[in-house]
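To keep things clear, I will list the structure first and then write my remarks on it.
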Amino acid sequence: MLVDRLLSNLSVRVEPFALCQLSPGWRMHLPGPPGVMLHYVLKGQGAVRGPDGEARAISTAWLVIVPPQADHMLETGGNIRDELKIATTPAGPPVQSFIAGSASTSDLIVACGVIHVRYGQSLGLFDRLREVLVVDLSGIPQIPAAFEGIFGEQLRAVAGSATMTSALMTQCLVHVFRRLPSEAEQALPWLMALKDRRLARAIDLILDTPAAEHSVESLAAAASMSRSSFAERFAAAFGRSPMSFVHHIRMQRAVELLEHGTLSIDQVSGRVGFASRSHFSRAFKRHTGVSPIQFRQTVNTGTPPAPGD
């Protein structure tokens with residue numbers, strides 16, 4: 001099943017949440033998040049407006065998924081009279097509160113945070129999301145408990161908190177994928193791709209063996225599809241050609257190896273399918289804007305690379 005396939009390959013990281021509180025008649029403008037932002041309604045009723053200006057009703061235990069870089073608004077009450085503009089994406093730690101109106105009269109309280117969700121470590125599940133999604137999770141008792149646990153872990157920040165937070169958010173995402181409205185298949189074309197077992201075989205092959213000598217022909221054969229049909233279906237689902245996708249996954253895997261591993265650059269080059277270190281370095285710089293050496297220096301020291309590196 002789709003959810004089982006997703007969960008067996010899912011990687012979730014949760015940035016610290018903030019609380020957004022709105023009094024009746026207030027609107028809160030929020031800047032476009034650098035990554036996918038979640039808004040979980042802890043209390044009350046209101047609406048969310050995406051870049052298209054369309055108001056979508058939200059209520060207690062509903063979840064809003066906002067695409068990267070999408071300016072949006074939260075509001076409550078039928079007659080909006082006041083507005084609060086937030087300059088930066090709500091974040092912590094510690095857990096912060098952004099109040100539109102008065103905390104004592106808050107009619108809408110929302111937990112807001114950026115999440116990173118990947119399939120097979122390298123494929124961002126919401127990378128191609130272009131519109132705000134609203135999912136009704138009311139009636140699922142595990143959801144309030146999970147968010148209470150997430151806040152508790154982020155407030156304590158003890159050993160294992162990041163792992164526990166990721167596990168709790170993964171639990172929430174299970175219910176999200178189960179309840180995604182039908183229009184989400186248009187907003188997230190990869191959903192249809194993973195439902196198609198033929199395409200899923202090719203995707204899993206790329207993610208499992210990014211260094212292999214993949215070609216459109218070999219991937220089409222793995223998917224038991226003709227070359228033209230496979231290339232067309234793949235581009236429709238992922239917005240890029242199969243080989244462009246292979247290259248993207250290789251570069252994402254290289255970033256992970258350089259960021260978290262101890263392999264030499266030559267070893268990383270081989271792990272992601274490059275026979276030449278110079279070819280790998282050029283490709284990596286085109287992808288990230290810096291060379292592998294510069295990237296690793298930044299990761300290790302937390303400072304920008306020295307001029308001329």
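Numbers here simply count residues along the sequence, with the first being 1.
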Mind running side chain to side chain contact (heavy atoms under 4.5 Å, CB included) on Val290 and Thr298 for me, showing each step along the way?
CA-CA 10 Å; Val290 296; Thr298 302; over 6 Å; no
Please report the C-alpha distance between His287 and Gln252 in whole Å, then the side-chain angles of each, then the deciding distance to 0.1 Å, and finally whether the side chain to side chain contact (heavy atoms under 4.5 Å, CB included) criterion is met.
CA-CA 9 Å; His287 184 78; Gln252 290 297 105; 3.1 Å; yes
Heavy-atom donor-acceptor pair, Arg253 side chain to Leu207 backbone, under 3.5 Å
yes
Indicate every side-chain donor-acceptor pair of residues 266-275 with a distance under 3.5 Å to a residue at least two apart or in another chain.
residue: Gln267; atom: OE1; partner: Ser264; partner atom: N; Å: 2.8
residue: Gln267; atom: OE1; partner: Ser264; partner atom: OG; Å: 3.3
residue: Ser269; atom: OG; partner: Phe274; partner atom: O; Å: 3.2

Any idea which heavy atoms bring Leu168 and Gly149 closest together, and the distance?
CD1-C, 3.5 Å
Just checking Gln142: does its CD atom have more than 12 heavy atoms from other residues, nucleotides or ligands closer to it than 6.0 angstrom?
yes
I'd like to know if Leu19 and Met73 are part of one continuous hydrophobic network [Ile/Leu/Val/Met/Phe/Trp/Tyr, side-chain heavy atoms within less than 4.5 Å].
no
Determine whether more than 12 heavy atoms belonging to other residues, nucleotides or ligands lie under 6.0 Å from atom CD of Gln45.
no
Quick one: OG on Ser281 to CZ on Arg286, what's the gap to the nearest 0.5 Å?
10.5 Å
Heavy atoms, side chains only, cut-off 4.5 Å: are Phe234 and Val216 in contact?
no
Tell me whether Leu258 shares a hydrophobic cluster with Ile293, the cluster being built from Ile, Leu, Val, Met, Phe, Trp, Tyr side chains joined at under 4.5 Å.
yes
Counting N and O atoms only, with roles assigned by atom type, does the side chain of Thr60 sit under 3.5 Å from a partner on the main chain of Gly44, one being a donor and the other an acceptor?
yes
Between Tyr40 and Ile150, is there a side-chain heavy-atom distance shorter than 4.5 Å?
no
Ser218 side chain to His214 main-chain N or O, any donor-acceptor pair under 3.5 Å?
no
Heavy-atom donor-acceptor pair, Asp107 side chain to Ser23 backbone, under 3.5 Å
no
In the structure I gave you, are the side-chain heavy atoms of Trp26 and Arg81 within less than 4.5 Å of one another anywhere?
no
Out of curiosity, does Leu22 fall in the hydrophobic cluster containing Ile99 (side-chain heavy atoms, cut-off under 4.5 Å, transitive links)?
no
Quick one: does Ser291's side chain have a donor or acceptor within less than 3.5 Å of a partner on Lys285's backbone?
no
Phe284: what forms a ring pair (Phe, Tyr, Trp, His ring centres under 6.0 Å) with it, not counting sequence neighbours?
Phe280, Phe295
Separation between OG1 (Thr262) and CG (Leu257), nearest 0.5 Å, reads 10.0 Å
Check for a donor-acceptor pair, side chain of Ser229 on one end and backbone N or O of Ser226 on the other, with a separation under 3.5 Å.
no
Flag side-chain contact, heavy atom, 4.5 Å: Leu38 against Ile65
yes
Which residues pass the side chain to side chain donor-acceptor pair (under 3.5 Å) test with Ser224, not counting sequence neighbours?
Arg201
Looking at side-chain heavy atoms only, is the closest gap between Glu131 and Asp52 below 4.5 Å?
no
Rounded to the nearest 0.5 Å, what separation is found between the CD atom of Gln21 and the OG1 atom of Thr105?
9.5 Å
Nearest heavy atoms of Ile86 and Thr88, plus distance in Å
CG2-O, 3.0 Å
Ile206 CD1 to Leu219 CG distance, which is reported to the nearest 0.5 Å
4.5 Å
Audit row: Val36, Val117, side chain to side chain contact (heavy atoms under 4.5 Å, CB included) steps and yes/no:
CA-CA 9 Å; Val36 172; Val117 186; over 6 Å; no
Residue pairs involving residues 211-224 (criterion salt bridge (Lys or Arg N to Asp or Glu O under 4.0 Å); sequence neighbours excluded)
Glu217-Arg227
Sorted by chain and number, sequence neighbours left out, ring pair (Phe, Tyr, Trp, His ring centres under 6.0 Å) with His116 holds for none
Is Leu30 reachable from Ile80 through a run of I, L, V, M, F, W or Y residues, each pair having side-chain heavy atoms under 4.5 Å apart?
no
For Glu259, look at atom CD and say whether over 12 heavy atoms of other residues, nucleotides or ligands are found less than 6.0 Å away.
yes
Does any pair with a residue in residues 44-72 pass ring pair (Phe, Tyr, Trp, His ring centres under 6.0 Å), and if so which ones, sequence neighbours excluded?
His39-His72
Look only at the side chain of Arg240 and the backbone of Phe245, and say whether a donor-acceptor pair between them is shorter than 3.5 Å.
no
Any sub-3.5 Å donor-acceptor pair from Ser138's side-chain atoms to Ala61's backbone N or O?
no
With rounding to the nearest 0.5 angstrom, report the CG to CD1 distance, Asp136 to Ile143.
10.5 Å
Ser106 OG to Leu42 CG distance, which is reported to the nearest 0.5 Å
11.5 Å
In short, Ala223 meets Ala202 closest at the heavy-atom pair CB-CB, 4.3 Å
Step by step, work out the side chain to side chain contact (heavy atoms under 4.5 Å, CB included) result for Leu63 and Phe147.
CA-CA 11 Å; Leu63 189 72; Phe147 273 92; 4.1 Å; yes
Is the backbone of Phe17 close enough, under 3.5 Å, to the side chain of Gln154 for a donor and an acceptor to pair up by distance?
yes
Heavy-atom closest contact (Gly50 atom, Val132 atom, distance):
CA-CG2, 3.8 Å
If we only count heavy atoms from C-beta on, is the Leu74 to Ile58 side-chain gap below 4.5 Å?
yes
Provide the closest heavy-atom pair for Val41 versus Ser59 in the form atom of the first, atom of the second, distance.
CB-O, 3.1 Å
What one should report as the nearest heavy-atom pair of Phe98 and Met28 is O-CE, 3.4 Å
Does Ser276 use its side chain to pair, donor to acceptor, with the backbone of His279 at less than 3.5 Å?
yes
Are Val246 and Pro210 packed together at the side-chain level, in the sense that at least one heavy-atom pair is separated by less than 4.5 angstrom?
no
